[in-house]
Amino acid sequence: MQQPKRRHPASASFLSALALAAACWGVAPSLAQAQGAARQSDFIVAVVNSEPITNLEVQRRLARTVQQLRQQGGRLPPQAELTRQVLESLVVERAQLQQARELGLKVDEAAVNLAEQNVARQNQIDVAELRRRIALDGMTLAQFRNDIRDQILLSRLRDRELDARVRVSDAEVEQFLREQADAAPAAPTEINLAQVLVTVPENATPQQVAERQARAQEVEKRARAGEDFAALARSFSDAPDAATGGEMGLRSPDRYPELFLQATAQLPVGGVTAPVRSGAGFHILKVVDKRQPGMLQSVTQQHARHILLRVDAQQPEAQARERLAGMKRRIEAGQADFAAVAQASSQDGSAAQGGDLGWSNPGQFVPEFEEVVEALRPGEISEPIVSRFGVHLIQLLERRQYQLNPREQREVARNMVRERKMDEAYRSWLQELRGRAYVELREAPQ
């Protein structure tokens with residue numbers, strides 16, 4: 001399988017794009033209240049290339065954004081500034097969707113169905129329960145599915161537009177290595193935190209607050225006693241990252257809320273905080289890793305295998321997905337062996353090895369593939385997922401920490417340079433797209 005390098009999260013690859021949709025159902029009652037209020041005074045607030053954006057759309061996105069900031073323990077900007085930012089994000093998003101349609105990009109119902117299943121799976125519920133919660137939050141199923149469809153479409157557009165823009169030369173890799181060597185001693189330590197979030201409803205009674213605090217304290221007690229923190233997050237956390245064990249990823253301190261930094265400042269790796277109160281509820285934090293940034297000496301490698309079915313006129317995407325879903329059922333039921341099925345059916349060069357892709361470093365696979373691998377537990381098989389190569393069924397076999405040799409360090413450096421340039425290319429592309437769009441902002445009716 002070809003292995004283009006990893007793209008910055010801003011490119012909104014497939015599962016990253018679903019994070020927005022995954023949070024949609026978790027915003028009651030604020031979203032329902034915002035929609036109810038906006039319906040009584042809905043009006044056009046902007047026009048993007050003759051396509052309107054309404055006050056209701058802004059209020060929906062605003063409520064969702066506020067909820068996400070609270071879940072992350074972040075500080076809310078002033079209402080007027082946040083509303084302006086939300087409107088601008090909708091303007092840029094609308095311009096992207098228009099370009100996607102002009103290019104003929106489409107997302108079929110089967111892709112939306114699969115994405116909806118992934119959202120439910122990330123939150124450890126079934127689709128029926130997901131839909132029930134959506135309805136309770138005041139969002140129609142059609143709105144939710146349209147949001148998912150738009151996010152997948154944006155992901156495919158960005159992949160298409162940015163791929164040809166980024167090339168990394170050997171000279172750029174050498175320069176990056178020199179910069180890393182010079183900067184490493186003075187650079188701040190990067191931190192990877194994991195959290196369990198026990199939410200507290202808006203306008204909660206003292207009894208409800210006490211109950212939620214007691215639940216958080218129980219999680220803290222079990223974590224300090226040695227229980228697996230990732231398992232506790234999957235079982236108890238109300239945050240969108242619960243399905244991945246609550247880990248927020250290795251990042252610089254300025255990318256964490258100040259509240260989290262203060263709570264974990266004196267903790268060693270493996271340390272767990274007492275419940276920390278934010279506007280969203282109670283956070284129990286664990287220091288997963290601390291690392292001096294610079295050239296990586298070791299990485300977490302993943303050993304996976306896959307079955308690839310290519311999409312063409314004879315085998316549409318929906319048909320490929322259905323075939324792979326059937327293969328997964330047979331394998332999990334013990335009626336077939338993954339390697340044997342891959343040898344017989346996979347349309348990838350790895351078929352002869354039973355679909356085995358060997359050990360991979362971060363950034364080795366395309367984002368939509370890699371993010372699924374990262375979310376799997378060893379032995380687990382994914383749902384069928386779509387990439388630019390076709391439709392995949394993926395099984396994670398094992399993970400390990402691996403010391404990089406000099407050649408591999410250069411390859412990691414190349415990936416990091418590409419990621420940096422991809423971020424720059426993404427911002428430049430958005431600015432170009434925004435500059436070409438005709439945007440008319442309108443005042444609220446008096």
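Worth knowing before you read on, the calculation uses all heavy atoms, side chains too, and leaves out hydrogens, waters and symmetry mates.
- For the residue pair His283 and Ser278, the shortest heavy atom distance occurs at NE2-OG, 2.7 Å.
- Side-chain atoms of Gln98 come within 3.5 Å of backbone atoms of Val48 as a donor-acceptor pair (strictly under, hydrogens ignored).
- Within the 4.5 Å cutoff, no side-chain heavy atoms of Leu324 are placed close to those of Lys328.
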Test side chain to side chain donor-acceptor pair (under 3.5 Å) on Asn405 and Glu408; report intermediate values, then the result.
CA-CA 5 Å; Asn405 62 39; Glu408 291 166 331; 3.3 Å; yes

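- Electrostatic pairing of Glu411 and Arg407 does not count as a salt bridge here, judged by no charged N lying under 4.0 Å from a carboxylate O.
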Is there a side chain to side chain donor-acceptor pair (under 3.5 Å) between Gln401 and Thr300 once you walk through the steps?
CA-CA 5 Å; Gln401 282 298 120; Thr300 300; 2.3 Å; yes

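- At a threshold of 4.0 Å, the pair Glu432-Arg165 counts as salt-bridged, since one of the basic side-chain nitrogens sits closer than that to a carboxylate oxygen.
- Identified under the salt bridge (Lys or Arg N to Asp or Glu O under 4.0 Å) test for residues 106-115, with sequence neighbours left out: Glu109-Arg145, Glu109-Arg149.
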Evaluate side-chain contact (heavy atoms from CB on, under 4.5 Å) for Leu441 paired with Val439, printing each intermediate quantity in order.
CA-CA 6 Å; Leu441 301 179; Val439 180; 4.0 Å; yes

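- With hydrogens and angles disregarded, a donor-acceptor distance shorter than 3.5 Å links the side chain of Thr205 to the backbone of Gln208.
- One N or O on the side chain of Arg418 and one on the backbone of Val166 form a donor-acceptor pair closer than 3.5 Å.
- Glu57 places a side-chain N or O within donor-acceptor distance of the main-chain N or O of Thr54, the cut-off being under 3.5 Å.
- Ionic pairing of Glu247 and Lys286 is not present here: no N-O contact between side-chain nitrogen and carboxylate oxygen is shorter than 4.0 angstrom.
- With a 4.5 Å cut-off on side-chain heavy atoms, Arg94 and Val91 do not count as touching.
- Residues Phe365 and Leu357 meet the side-chain proximity criterion, which asks for heavy atoms closer than 4.5 Å.
- Between Glu172 and Arg167, no side-chain nitrogen of the basic residue sits less than 4.0 Å from a carboxylate oxygen of the acidic one, so the salt-bridge criterion is not met.
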For the pair Arg215 and Glu211, evaluate salt bridge (charged side-chain N to carboxylate O under 4.0 Å, His left out) and give the outcome as yes or no after the intermediate values.
CA-CA 6 Å; Arg215 181 183 179 194; Glu211 289 172 352; over 6 Å; no

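- Side-chain contact between Arg60 and Met139 is present, with at least one heavy-atom pair separated by less than 4.5 Å.
- Side chain of Tyr402 to main chain of Trp359: no donor-acceptor pair is present (N/O by atom type, distance under 3.5 Å, no hydrogens or angles).
- Of the possible donor and acceptor atoms, none in the side chain of Thr199 sits under 3.5 Å from a partner among the backbone N and O of Ala280.
- More than 12 heavy-atom neighbours from other residues, nucleotides or ligands sit within 6.0 angstrom of CD on Glu81.
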side-chain contact (heavy atoms from CB on, under 4.5 Å) assessment of Phe236 paired with Val198:
CA-CA 7 Å; Phe236 293 100; Val198 179; 5.5 Å; no

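- Counting only distance, with no hydrogens or angles, the side chain of Ser155 and the backbone of Gln151 share no donor-acceptor pair below 3.5 Å.
- Ring-plane geometry between His392 and His306 is classed as parallel, the angle between the planes falling under 30 degrees on a 0 to 90 degree scale with a further cut at 60.
- Across all non-hydrogen atoms, the minimal contact from Gln96 to Leu433 is CG-CD2, 3.2 Å.
- Salt-bridge formation is detected for the pair Glu317/Arg321: a Lys NZ or Arg NE/NH1/NH2 atom is positioned less than 4.0 Å from an Asp or Glu carboxylate oxygen.
- Of all heavy-atom pairs between Arg377 and Leu396, the closest is C-CD2, 3.8 Å.
- The shortest distance between side-chain heavy atoms of Leu177 and Val173 falls below 4.5 Å.
- Residues Asp348 and Ser350 have side chains that bring a donor and an acceptor to within less than 3.5 angstrom of each other.
- Using modelled atom types, no side-chain atom of Thr264 and backbone atom of Val287 make a donor-acceptor pair closer than 3.5 Å.
- Checked by atom type, the side-chain pair Gln395/Ser382 shows no donor-acceptor distance below 3.5 Å.
- Counting only N and O atoms by type, the side chains of Glu116 and Asn113 include no donor and acceptor under 3.5 Å apart.
- By the 4.5 Å heavy-atom criterion applied to side chains, Glu93 and Ile53 are not counted as neighbours.
- Electrostatic pairing of Glu424 and Arg427 does not count as a salt bridge here, judged by no charged N lying under 4.0 Å from a carboxylate O.
- The shortest distance between side-chain heavy atoms of Ile284 and Phe229 falls below 4.5 Å.
- A donor-acceptor contact closer than 3.5 angstrom links the side chains of Arg178 and Gln175.
- Scanning both residues, Ser387 and Val366, for their nearest heavy atoms gives CB-CG2, 4.2 Å.
- Of the options Leu193, Leu250, Asn192, a side-chain contact (heavy atoms from CB on, under 4.5 Å) to Val288 is made by Asn192 and by none of the others.
- Without hydrogens or angle criteria, Arg414 side chain to Val168 main chain gives a donor-acceptor distance under 3.5 Å.
- The two residues Arg251 and Met248 make their nearest non-hydrogen contact at NH2-O, 2.6 Å.
- Across all non-hydrogen atoms, the minimal contact from Phe338 to Leu393 is CZ-O, 3.6 Å.
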